[in-house]
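Naming: A, B, ... by sequence-line order, numbering from 1 per chain.
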2 protein chains.
Amino acid sequence: MFELLIKSIQDKVPSTEEELHLCKTHFTPKRLRRKQFLLQEGDVCNRMAFIEKGALYSYTTDAKGGQRVMQFAFEGFWISDLYSFFTREESKLNIEALEDCELLLLDHEQHDYLLKNVRQYETYIRILYQNAYVALQQRIEGTLGLTAEEKYSHLVEQYATIVNRVPQHLIASYLGITPETLSRIRKQMASR
Amino acid sequence: MFELLIKSIQDKVPSTEEELHLCKTHFTPKRLRRKQFLLQEGDVCNRMAFIEKGALYSYTTDAKGGQRVMQFAFEGFWISDLYSFFTREESKLNIEALEDCELLLLDHEQHDYLLKNVRQYETYIRILYQNAYVALQQRIEGTLGLTAEEKYSHLVEQYATIVNRVPQHLIASYLGITPETLSRIRKQMASR
DNA sequence: ATTTCTTCTTGACATATGTCAAGATTTCTC
DNA sequence: GAGAAATCTTGACATATGTCAAGAAGAAAT
């Protein structure tokens, strides 16, 4: 149940069994079925989720009721609405399971407790944010001012997992283009 | 010279005079004139810069030689290419002064030293990344799948400083639109 | 297996934004 | 303060992408 989390921590910060065990005890396991929600807009996001198995995605709803996909997350990654988590303001995000999931949840108090009392944990979180920041930066690089085809090519190169496990219309939304455009681009790319 | 940096740290992590002094001794002050570079693409980024005064921006160069603006940064903020900084790979970014600047530089070894030896510093950096991550997330929210006018309105609301201190054509690039389009949008918005 | 829901494709057409080119402003520099 | 850069505006036109609508294909549910 905790394999990937332990691996994720060990990869970034060498830790003793004791420290790892202490961490473990603060997480709450949870299963989520496809289409179920981890967070719904309007609620305050009170937890971060580490994904042991499955896939989720987060999105906002625009004026016309359409989805705008913000993030995809798979095994070994974290997902949350950090803005709401830290500010305690209502979230504008929905986080929904794309597949049946096994999650490890960490709520606000537990997160604070670990930060204060387990130095390794703070280091782990720092490195996590560091990587997450760089990843977002690269996402912007791979999106901004590019044509729809360039955006999609970039995604295929950098994030093959997404292309393989996620419905096309969600990928389109993630790239900021319409499903129709994406369909046409793929057809065109295939014929070359 | 160190006022804003001290303020930035104190705001996030209560620290003693001693800790603050220890931090200070690891930074190197540097002045930069308008149009001078802090980093040029092809070089490895070996430092992070805290801005005591002035403004800078970072950008990549695309196939046709055009600029694609990634970030603007003003007094009280940090700028760097974290990807290159951490991976030690060549940077694809240029970081250029928009105005005459006073910077405090921290190179890789000094950063590592502080992380290891000053717990407050690690906490400071963690919170910094946390905020930076949330800010990037919001940038994506304010860009993705929006019309040019919506993107610009969002910028005006959220980042008035940028609109006031940065040339329009760089703002256009930052939003992923052309200067001509931005000019037309502004005209149209003014007449309402 | 049949039905139902979800996802993907395709066509015809509309529109936002880009491109190119020229001139008008504004801002810097000496 | 004059000249040179840099920046911003405007027009005419091209084009990528969006919109709407319908049907096909695929996956999930009973």
Side-chain angles (χ1 to χ4, degrees), chain A residues 32-36 54-55 57 59 62-69 72 94 96-101 143-156 162-192, chain B residues 32-36 54-55 57 59 62-69 72 94 96-101 143-156 162-192:
Chain A
L32 215 59
R33 288 288 178 112
R34 193 174 121 82
K35 305 232 170 193
Q36 286 187 315
Y57 74 116
Y59 62 92
D62 67 22
K64 297 151 217 143
Q67 288 183 324
R68 293 172 50 213
V69 175
F72 297 112
N94 301 279
E96 186 180 333
L98 273 172
E99 307 170 0
D100 295 349
C101 292
T143 302
L144 204 76
L146 300 185
T147 65
E149 178 170 346
E150 287 166 335
K151 289 182 209 179
Y152 183 68
S153 302
H154 183 266
L155 188 76
V156 171
I162 294 181
V163 179
N164 294 327
R165 281 170 73 173
V166 173
Q168 234 170 265
H169 68 282
L170 294 182
I171 293 177
S173 166
Y174 181 77
L175 295 175
I177 63 182
T178 59
E180 293 93 332
T181 299
L182 181 53
S183 175
R184 290 180 179 118
I185 282 167
R186 282 167 51 91
K187 187 181 178 186
Q188 201 178 313
M189 285 172 69
S191 73
R192 286 196 305 230
Chain B
L32 214 59
R33 288 291 180 108
R34 194 173 119 83
K35 305 233 171 193
Q36 286 188 314
Y57 74 116
Y59 62 92
D62 67 21
K64 297 150 217 145
Q67 288 184 325
R68 293 172 50 213
V69 175
F72 296 112
N94 301 279
E96 186 179 333
L98 273 172
E99 308 169 0
D100 295 349
C101 291
T143 303
L144 204 77
L146 300 185
T147 64
E149 178 169 345
E150 288 166 334
K151 290 182 208 177
Y152 182 69
S153 303
H154 184 266
L155 188 76
V156 171
I162 293 180
V163 179
N164 294 327
R165 282 170 72 174
V166 173
Q168 235 170 263
H169 68 282
L170 293 182
I171 293 178
S173 165
Y174 181 77
L175 295 175
I177 63 181
T178 60
E180 293 93 333
T181 297
L182 182 53
S183 175
R184 288 179 180 118
I185 282 167
R186 281 168 50 90
K187 187 181 178 187
Q188 200 178 313
M189 286 172 68
S191 72
R192 285 197 306 230

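Rounded to an integer number of Å, the gap from CD of A/E149 to P of C/dG18 is 18 Å. At whole-Å resolution of the value, NZ in B/K64 and P in C/dC20 are 9 Å apart. A/D100 has its CG atom 12 Å from the C1' atom of D/dA28, to the nearest Å. In this structure, CG of A/D62 is placed 10 Å from P of D/dT19, rounded to the nearest angstrom. Going from atom CD1 of A/I177 over to atom C1' of D/dT15 covers 16 Å, rounded to whole Å. As a whole-Å value, the separation of B/K35 NZ from C/dT27 P is 14 Å. Rounded to a whole Å, the CD atom of A/Q168 is 15 Å from the C1' atom of D/dA27. A/Q188 places its CD atom 12 Å from the C1' atom of D/dT17, with the value rounded to the nearest Å.
Of the candidates D/dT9, D/dT7, D/dG18, D/dT7 carries the atom nearest the B/H169 side chain, counting heavy atoms from C-beta on. Relative to the side chain of A/P167, the nucleotides C/dC8, D/dT17, D/dT19 differ in distance, and C/dC8 lies closest.
Phosphate proximity of C/dG18 to B/T181: present, with a side-chain N or O under 4.0 Å from OP1 or OP2. Phosphate proximity of D/dT10 to B/K187: present, with a side-chain N or O under 4.0 Å from OP1 or OP2. Proximity of B/S183 to the phosphate of D/dC8: no side-chain N or O atom is located under 4.0 Å from OP1 or OP2.
DNA chain C is contacted by both B/T147 and A/R34; A/R34 maps to the nucleotide lying nearer its 5′ end (nearest heavy atom per residue). If you find the closest nucleotide of DNA chain D to B/P179 and to A/I185, the one lying nearer the 5' end belongs to B/P179.
Note that CD of B/E150 is 12.0 Å distant from CG of B/L175, once rounded to the nearest 0.5 Å. Atom NE2 of B/H154 is separated from atom CG of B/L146 by 7.5 Å, given to the nearest 0.5 angstrom. Here the CD1-OH distance, from B/I177 to B/Y152, works out to 9.0 Å after rounding to the nearest 0.5 Å.
Within 4.0 Å of B/L182, counting heavy atoms only, lies no atom of the nucleic acid at all. In this structure, B/G145 reaches neither bases nor backbone, as no heavy-atom distance under 4.0 Å exists between it and the strands shown. When heavy atoms are screened at a 4.0 angstrom cut-off, B/R184 is found touching base atoms of the nucleic acid.
Taking each heavy atom of A/K151 and A/T143 in turn, the nearest pair found is CE-O, 3.4 Å. Shown here for B/T181 and B/A148, the closest heavy-atom pair between the two residues is CG2-CB, 4.1 Å.
For A/E180 against D/dC20, a side-chain-to-base donor-acceptor contact under 3.5 Å is present.
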